[in-house]
There are 2 protein chains.
Amino acid sequence: MSPARARTSQAAIIGAARDLLEDGGLEAVSMAGVAERVGIKAPSLYKHFDDRSGLLAAVATEVALQLERALTDAVARSGADPATRLDARAVAYRSFALATPRASALLFASVAPGVAPAPEAQARAAHPVLEVCKAIVGSARALSAARVLTAFAYGFTSMESAGAFRFGGDVEEAYRFGIAVLAAGLERGAVDAPDAAATHARA
Amino acid sequence: MSPARARTSQAAIIGAARDLLEDGGLEAVSMAGVAERVGIKAPSLYKHFDDRSGLLAAVATEVALQLERALTDAVARSGADPATRLDARAVAYRSFALATPRASALLFASVAPGVAPAPEAQARAAHPVLEVCKAIVGSARALSAARVLTAFAYGFTSMESAGAFRFGGDVEEAYRFGIAVLAAGLERGAVDAPDAAATHARA
DNA sequence: ACCTGAACACCGTTCAAGT
DNA sequence: ACCTGAACACCGTTCAAGT
């Protein structure tokens, strides 16, 4: 009788894991370290999550939802023009990704087996990008366009965080250049024939 | 006297580590596992590399050199037109990245502290992309253009390997679409005024 | 000069025992 | 229903000892 009451919560555990991840990378997220931060011992964590992968997946989902909020806020503060909304979104994503690079990596890379945000959370984070793309290139190409934009923004900020840009120069300007180039290409593609892009790729 | 002769080589160790990485991910690259593959015991590895990070960094350098060869070959087989060379390079990079996704991640992401290709190897792999970009957008914008193209190709294939594209559709077509959009945007940017891109980004 | 076994402090995970 | 200590098989790394 009088069963032991919970001394912590899933949210607290996820928060602790996220902090450790961002401060020291994946290997800093040990079950013992997480447990200590929330005032319990490592074995007790298995009452809240299946295993370390499950905990990291929960962190990924949490990060996806935070990103969605950050992007929604940024777009809400921007104008109504599609190109402007796209630019605001891209800039806001970079801020988010550079502020929490290791957490952001959980969203798109497979940092460990089984570690990925819940499909629903990923869909929610992706939805607004699809909307902007639809407005620019039409619904037939919206999915491809969203994938291209996401791949660029993720790839660029991931490389930037990793220190992969080692030749000097203005990295932020390169990012803005990339967004401008993509926007120009997409707008031009939108008025072309449906198969213009494929034709161009093989030219 | 008669000091023990080497039973293995740095190249063999790097190859074993690379195989384990590609087959089972980073956590499958254990010092004991690598040692067993080359017929020695784990402690002996420390006569060849400082530590696990050093070994992984050597793998990253090796991968960078392999990528350079693959890209050089692909471009040599393509035509002389800059846009065609760019396309051939992008397609060849995707083939390489999808064939060895976990090794490729070592090139641009920071999968673990201190794990990155040697600067010289990275520079060699990056040089030809810079050349193509110079031909398309001029030397003033070549570095930014190369960063944008690399970020897109890396980000896209990384997401593709991670299974991040979950909404169906033709993923390969999206990649070709992205290359076409970037090529179109870069060519257009090349004839614009120097600051056209930045202006566009803020429009 | 390279390899080895033994040892160290860690790690994720399981499980019986507590409340 | 949740928490714990003890135990398991691992892990990277160090080091004295071998050849």
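Residue numbering restarts at 1 for every chain, and letters A, B, ... go by the order of the sequence lines. Values below: every heavy atom of this structure, side chains too, minus hydrogens, waters and symmetry copies.
Residue A:Ser44 has no polar side-chain atom (N or O) positioned under 4.0 Å from OP1 or OP2 of D:dC2. In terms of phosphate contacts, A:His48 brings no side-chain nitrogen or oxygen within less than 4.0 Å of OP1 or OP2 of D:dA1. For D:dA1, the OP1/OP2 oxygens have no side-chain nitrogen or oxygen of A:Arg7 closer than 4.0 Å.
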### Message
Using the rule given for ring-ring contact (aromatic ring centres under 6.0 Å, His included), can you reason through B:Tyr154 versus B:Phe108, listing the C-alpha separation, both sets of side-chain angles and the distance that settles it, and then say yes or no?
### Response
CA-CA 8 Å; B:Tyr154 160 66; B:Phe108 304 114; 5.2 Å; yes
### Derivation of the salt bridge (charged side-chain N to carboxylate O under 4.0 Å, His left out) call for B:Glu131 and B:Arg85
CA-CA 10 Å; B:Glu131 289 303 310; B:Arg85 299 221 314 279; over 6 Å; no
### Message
salt bridge (charged side-chain N to carboxylate O under 4.0 Å, His left out), that's the test. Do A:Arg94 and A:Glu160 meet it? Break it down for me.
### Response
CA-CA 10 Å; A:Arg94 180 165 173 268; A:Glu160 187 175 1; 2.7 Å; yes
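B:Ser9 comes within 4.0 angstrom of nothing in the nucleic acid, heavy atoms only.
The separation between A:Ile40 atom CD1 and C:dT19 atom P is 18 Å, rounded to whole Å. Computed from coordinates, the B:Lys41 NZ to D:dG18 P distance equals 18 Å when rounded to whole Å.
Under the side chain to side chain contact (heavy atoms under 4.5 Å, CB included) criterion, A:Leu130 pairs with A:Ala142, A:Leu143, A:Ala146, sequence neighbours left out.
Closest of all the heavy-atom pairs between B:Leu98 and B:Thr157 is CD2-O, 4.2 Å.
In B:Arg124, the CZ atom is not crowded: 12 or fewer heavy atoms of neighbouring residues, nucleotides or ligands sit closer than 6.0 Å.
Residue A:Arg89 holds its CZ atom at 12.5 Å from OH of A:Tyr93, rounded to the nearest 0.5 Å.
Note that B:Arg147 lies outside the cation-pi zone of A:Phe156, set by a 6.0 Å cut-off to the ring centre and a 45° limit from the axis.
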### Task
Going 5' to 3' through nucleotides 11-16 of chain C, assign each nucleotide B (protein heavy atom under 4.0 Å from a base atom), S (under 4.0 Å only from sugar-phosphate atoms) or - (no protein heavy atom that close).
SSBBB-
### Message
Dot-bracket, 5' to 3', for DNA chain D please: Watson-Crick or G-U pairs under 3.5 Å, [ ] where pairs cross earlier ones, | where the partner sits on another strand, dots elsewhere.
### Response
||.|||||...|||||.||
